[in-house]
Amino acid sequence: MLSKAKTMEAIDLIASMYPDAECELVHKNPFELLTAVILSAQTTDVSVNKVTPYLFEKFPTPQALAEGELTEIEEVIKTIGLYRNKAKHIKGCSQKLVAEFAGEVPKTIKELVSLPGVGKKTANVVVSTAFGVPAIAVDTHVERVSKRLRIVKQSANVTEVEETLMKKIPKERWSKTHHQLIFFGRYHCTARKPKCEACPLLYMCAEGQKNL
DNA sequence: AACTCGGGGCA
DNA sequence: TGCCCAGAGTT
């Protein structure tokens with residue numbers, strides 16, 4: 001596993017590649033962001049951005065979405081994939097927001113994860129983006145990149161990846177680094193055919209040396 | 001731990 | 001055309 005210093009060397013290089021990386025969802029308030037992040041599972045933010053304007057025009061509040069007809073919600077979001085599950089999730093999520101959180105989006109990970117459709121990754125994105133809480137949301141990109149660079153051990157699960165990253169990266173950089181790791185994983189250190197030959201981290205990447 | 005949901009993007 | 005994907009729930 002990479003030392004703390006070597007890890008930051010890698011993080012700095014990635015940061016220099018994507019200095020402006022940020023959440024690409026056109027989120028506004030916490031409710032809209034939360035709903036949009038639930039919809040973004042296994043889908044690109046670009047796809048989600050295509051349906052959310054109409055979704056929130058039709059269901060502007062947790063109350064409205066909680067009372068929305070499932071078939072109507074499905075109709076609006078059907079172009080993003082997994083839409084039946086997601087329609088159920090965002091409706092159920094809004095119902096719980098209304099019933100147990102006074103229609104407000106809760107601010108703790110524990111409460112967020114208790115909502116339908118909200119897992120660890122979604123909860124972290126919400127507290128980070130909506131409430132400015134330092135967080136590292138571990139998705140497949142973050143996990144893959146962290147493992148290839150040996151920032152975390154190969155056998156690490158999502159929780160272990162998150163803990164290791166938080167330990168090695170200064171807290172004030174968690175949120176920004178999270179987006180930069182995602183951009184790096186999505187556009188450069190891709191799951192298939194990573195661009196190792198054009199990677200500034202090649203010199204310190206065991207996985208990359210193998211790929212050449 | 002494996003299976004399911006799913007249309008869009010890309011080779 | 002075929003394959004994968006910014007996850008989470010269920011079994």
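We use all heavy atoms of the structure for the numbers below, so side chains are in, but hydrogens, waters and symmetry mates are not. Lettering follows sequence order; numbering is per chain, from 1.
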Under 4.0 Å, counting only non-hydrogen atoms across every strand here, what does [X] touch: a base, just sugar-phosphate, or nothing?
{"X": "A/Leu39", "value": "nothing"}
{"X": "A/Asn85", "value": "base"}
{"X": "A/Val48", "value": "nothing"}
{"X": "A/Lys86", "value": "nothing"}
{"X": "A/Ala191", "value": "sugar-phosphate"}

Q) Do A/Glu143 and A/Lys147 meet the salt-bridge criterion of a basic N to acidic O distance under 4.0 Å? A)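 Between A/Glu143 and A/Lys147 there is a salt bridge, with a charged N closer than 4.0 Å to a carboxylate O.
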Q | Pairing of A/Asp12 and A/Arg173 as salt bridge, 4.0 angstrom limit | A |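 Judged by the 4.0 Å cut-off on N to carboxylate O distance, A/Asp12 and A/Arg173 do form a salt bridge.
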For [X] and [N], give me the distance from atom [atom1] to atom [atom2], rounded to whole Å.
{"X": "A/Tyr187", "N": "B/dG9", "atom1": "OH", "atom2": "P", "answer": "13 Å"}
{"X": "A/Ile90", "N": "C/dA8", "atom1": "CD1", "atom2": "P", "answer": "15 Å"}
{"X": "A/Leu112", "N": "C/dA8", "atom1": "CG", "atom2": "C1'", "answer": "15 Å"}
{"X": "A/Lys88", "N": "C/dG9", "atom1": "NZ", "atom2": "C1'", "answer": "9 Å"}
{"X": "A/Asn49", "N": "B/dG9", "atom1": "CG", "atom2": "C1'", "answer": "16 Å"}
{"X": "A/Lys78", "N": "B/dC5", "atom1": "NZ", "atom2": "C1'", "answer": "17 Å"}
{"X": "A/Ile80", "N": "B/dG6", "atom1": "CD1", "atom2": "P", "answer": "10 Å"}
{"X": "A/Leu82", "N": "B/dG9", "atom1": "CG", "atom2": "P", "answer": "15 Å"}

Work out how far the [atom1] atom of [N] is from that of [M], and round it to whole angstrom.
{"N": "C/dC4", "M": "B/dC3", "atom1": "P", "result": "15 Å"}
{"N": "C/dT10", "M": "B/dG7", "atom1": "C1'", "result": "22 Å"}
{"N": "B/dG8", "M": "C/dA8", "atom1": "P", "result": "22 Å"}

Q: With the side chain counted from C-beta on, respond yes when A/Leu97 and A/Leu65 share a heavy-atom pair under 4.5 Å apart, and no when they do not.
A: no
Picking from [options], which would you name as closest to the side chain of [X]?
{"X": "A/Thr79", "options": "B/dG6, C/dG7, B/dG8", "value": "B/dG8"}
{"X": "A/Thr43", "options": "C/dG7, B/dG6, C/dG9", "value": "B/dG6"}
{"X": "A/Lys193", "options": "B/dG6, B/dA11, C/dG7", "value": "B/dA11"}

OP1 or OP2 of [N] less than 4.0 angstrom from a side-chain nitrogen or oxygen of [X], does that happen here?
{"X": "A/Arg192", "N": "C/dC4", "value": "no"}
{"X": "A/Lys50", "N": "B/dG9", "value": "yes"}
{"X": "A/Gln42", "N": "C/dC5", "value": "no"}
{"X": "A/Thr122", "N": "C/dA8", "value": "yes"}

Counting distance only, does the side-chain N/O of [X] pair as donor-acceptor with the main-chain N or O of [Y] below 3.5 Å?
{"X": "A/Glu160", "Y": "A/Asn157", "result": "yes"}
{"X": "A/Lys96", "Y": "A/Ser114", "result": "yes"}
{"X": "A/Lys86", "Y": "A/Leu39", "result": "yes"}

